[in-house]
Amino acid sequence: MCGRFVSREQAAIEREYNIRVLNPFERVYNAAPSMQLPVIRRAAGGEREALSLRWGLIPHWWSRPGLPTSTINARSEEAASKPMWRSAVRHTRCLVPALGWYEWKVTPEGKVPYFIHAPAMAGLCFAGLWSEWRNPSGDMQPSFAILTRAASRQMTAVHDRMPVVLPEADWAEWLSDWPADHTQRLAEKVDNSLSEFEFYAVSRYVNAPRNQGERCIEPAAA
DNA sequence: CCAGACGTTGTT
DNA sequence: GTCTGG
DNA sequence: CCAGACGTTGTT
DNA sequence: GTCTGG
């Protein structure tokens, strides 16, 4: 699955998504659930906008005392039909720019974190969903989730789940209007998602979300 | 009909 | 063991 | 995802 | 809001 990743900085987002970004996004080397992280969505006027949302989707009907804790990922196999996700699959999809993500491989010696990325450290784009929730104070709280799928043959070496990574050719359609057939369109985008990456073990330094910086993606000592 | 859940992963 | 916070 | 907290009463 | 369970 995808419970930790490396976000992208302002310049990279402007360059790769062909948009103007006003917020000075910094690269977050250890992006963790509940953090505010940059995503790209279609604004009311139809143009793309980049803004920070809370990672961990809060549906608009949420009314329990705490915030939901298991909504950082949405299973792509079922999201189109589930009450928690269906509306977002239909109407509020987003792109989540990333340099790569982390998975913890289970070994006899314990869990070992790996950093997974595109060749040449090119940027990646996760398929995301967003939502807005009005908190008890009346403020609108926007949030997002990352879609997951079964690991590709290659990625099963590390873990059995992985994020849905959209090729650039599919970004525009992901953000476009989906008036019908959202189940089939989601399935098509997942089927067409990327499955080949590069990866290497990193230090357990990344385990603690308070640890940040380039050290998170340095290869682990041999 | 109303009440209550609605989510993921991993582990057992 | 389980929940919350980052 | 992992790390870290997890509790009360009374006093300052 | 919408679906499931009783």
Side-chain angles (χ1 to χ4, degrees), chain A residues 1-7 26-38 52-93 96 98-117 124 126-135 140-152 155-165 182-183 186 190 199 201-213 215-217 220:
Chain A
M1 59 109 53
C2 180
R4 218 73 80 74
F5 68 97
V6 180
S7 76
E26 308 269 334
R27 182 183 297 184
V28 178
Y29 280 92
N30 201 354
S34 81
M35 290 178 69
Q36 297 285 133
L37 298 162
S52 284
L53 306 188
R54 176 190 190 271
W55 186 15
L57 186 142
I58 310 167
H60 72 97
W61 43 260
W62 190 257
S63 59
R64 286 194 230 168
L67 295 179
T69 56
S70 304
T71 54
I72 63 171
N73 295 138
R75 291 177 60 85
S76 61
E77 298 92 330
E78 304 145 357
S81 64
K82 294 237 178 178
M84 178 69 83
W85 310 116
R86 194 179 64 174
S87 171
V89 170
R90 276 182 176 152
H91 306 297
T92 51
R93 296 172 305 280
V96 184
L99 185 66
W101 75 96
Y102 300 99
E103 298 283 8
W104 278 260
K105 177 175 178 170
V106 177
T107 77
E109 293 75 38
K111 289 189 167 191
V112 178
Y114 280 74
F115 180 59
I116 301 152
H117 61 93
L124 294 176
F126 300 140
L129 306 173
W130 66 272
S131 177
E132 275 184 335
W133 170 72
R134 191 178 294 278
N135 71 21
M140 212 51 108
Q141 169 69 74
S143 56
F144 75 97
I146 295 170
L147 283 155
T148 62
R149 48 166 280 193
S152 63
M155 293 310 308
T156 56
V158 179
H159 203 68
D160 63 352
R161 300 288 296 173
M162 65 184 281
V164 174
V165 180
H182 67 286
T183 302
L186 172 61
V190 175
F199 55 91
V202 296
S203 159
R204 289 176 204 261
Y205 176 78
V206 74
N207 283 21
R210 66 173 175 276
N211 290 338
Q212 294 290 339
R215 183 174 162 191
C216 291
I217 63 169

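Per chain, numbering begins at 1; letters A, B, ... match sequence-line order. As the structure is a computational prediction, the values presented were derived from the model and not from experiment.
Within 4.0 Å (heavy atoms only), Trp62(A) reaches no atom of the nucleic acid at all. Looking at heavy-atom distances under 4.0 Å, Asn30(A) makes no contact with the nucleic acid at all.
Atoms CD1 and CG, on Ile58(A) and Leu53(A) in that order, are 10.5 Å from each other to the nearest 0.5 Å. Atom-to-atom distance recorded for His91(A):NE2 and Arg86(A):CZ is 8.5 Å, nearest 0.5 angstrom. With rounding to the nearest 0.5 Å, the separation of OG1 in Thr148(A) from CZ in Arg75(A) is 6.0 Å. The structure places OG1 of Thr71(A) at 6.0 Å from CE of Met84(A), a figure rounded to the nearest 0.5 Å. Here the CG atom belonging to Leu37(A) is positioned 5.0 Å from the CZ atom belonging to Phe144(A), to the nearest 0.5 angstrom.
Ring geometry for Trp104(A) against Tyr102(A) counts as tilted: the plane angle lies between 30° and 60°, on a 0 to 90° scale.
Residue Asn211(A) contributes atom CG, which lies 19 Å from atom P of dC1(D) at whole-angstrom precision. If you take CG of Leu147(A) and C1' of dG7(B), they are 13 Å apart, rounded to a whole angstrom. As rounded to whole Å, 16 Å separates atom C1' of dT9(B) from atom CE of Met155(A). Spacing between atom NE2 of His60(A) and atom P of dG7(B) amounts to 13 Å, rounded to whole angstrom units. Separating the CZ atom of Phe5(A) from the P atom of dC1(D) is a distance of 15 Å, rounded to the nearest angstrom. Between the CH2 atom of Trp55(A) and the P atom of dT9(B) there is a distance of 12 Å, given to the nearest Å. The nearest whole Å value for the distance from the CH2 atom in Trp85(A) to the P atom in dA5(B) is 18 Å. The NZ atom of Lys82(A) sits 9 Å away from the P atom of dC6(B) (whole-angstrom rounding).
With respect to Arg204(A) and Glu109(A), no salt bridge is recorded, no charged nitrogen being found less than 4.0 Å from a carboxylate O.
Of the possible donor and acceptor atoms, one in the side chain of Arg93(A) sits under 3.5 Å from a partner among the backbone N and O of Val89(A).
Taking atom C1' on both dC1(D) and dG7(B), the two are 15 Å apart, rounded to the nearest angstrom. Using P as the reference atom, dG6(C) and dA5(B) are 27 Å apart when rounded to the nearest Å. Distance check on atom P: dT8(B) versus dT4(E) gives 15 Å, rounded to whole Å. Here, dT11(B) and dC2(D) have their C1' atoms 16 Å apart, quoted to the whole Å.
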Going through the checks in order, is the side chain to side chain contact (heavy atoms under 4.5 Å, CB included) test met by Leu124(A) and Trp101(A)? CA-CA 9 Å; Leu124(A) 294 176; Trp101(A) 75 96; 3.7 Å; yes
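The only member of Arg215(A), Arg4(A), Gln212(A) that meets side-chain hydrogen bond (donor to acceptor under 3.5 Å, both in side chains) when paired with Asn30(A) is Arg4(A).
Remark: Thr148(A) is in phosphate contact with dT9(B), judged by side-chain N or O atoms under 4.0 Å from OP1 or OP2. Listed pair Arg75(A) / dT9(B) meets the phosphate criterion, a side-chain N or O lying under 4.0 Å from OP1 or OP2.
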Contact string for nucleotides 1-6 of chain C, one letter per nucleotide 5' to 3', B = base within protein heavy-atom range under 4.0 Å, S = sugar-phosphate only, - = neither, reads -----B
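Put simply, the side chain of Val206(A) does not reach to within 4.5 Å of the side chain of Phe115(A), judged on heavy atoms. Side-chain contact between Pro142(A) and Gln36(A): absent, with no pair of heavy atoms (C-beta onward) separated by less than 4.5 Å.
Contacts between residues 100-115 of chain A and DNA chain D, defined by a heavy-atom separation under 4.0 Å, are made by Trp104(A), Lys111(A).
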Watson-Crick and G-U pairing of DNA chain B, under 3.5 Å, as dot-bracket with | and [ ]: ||||||......
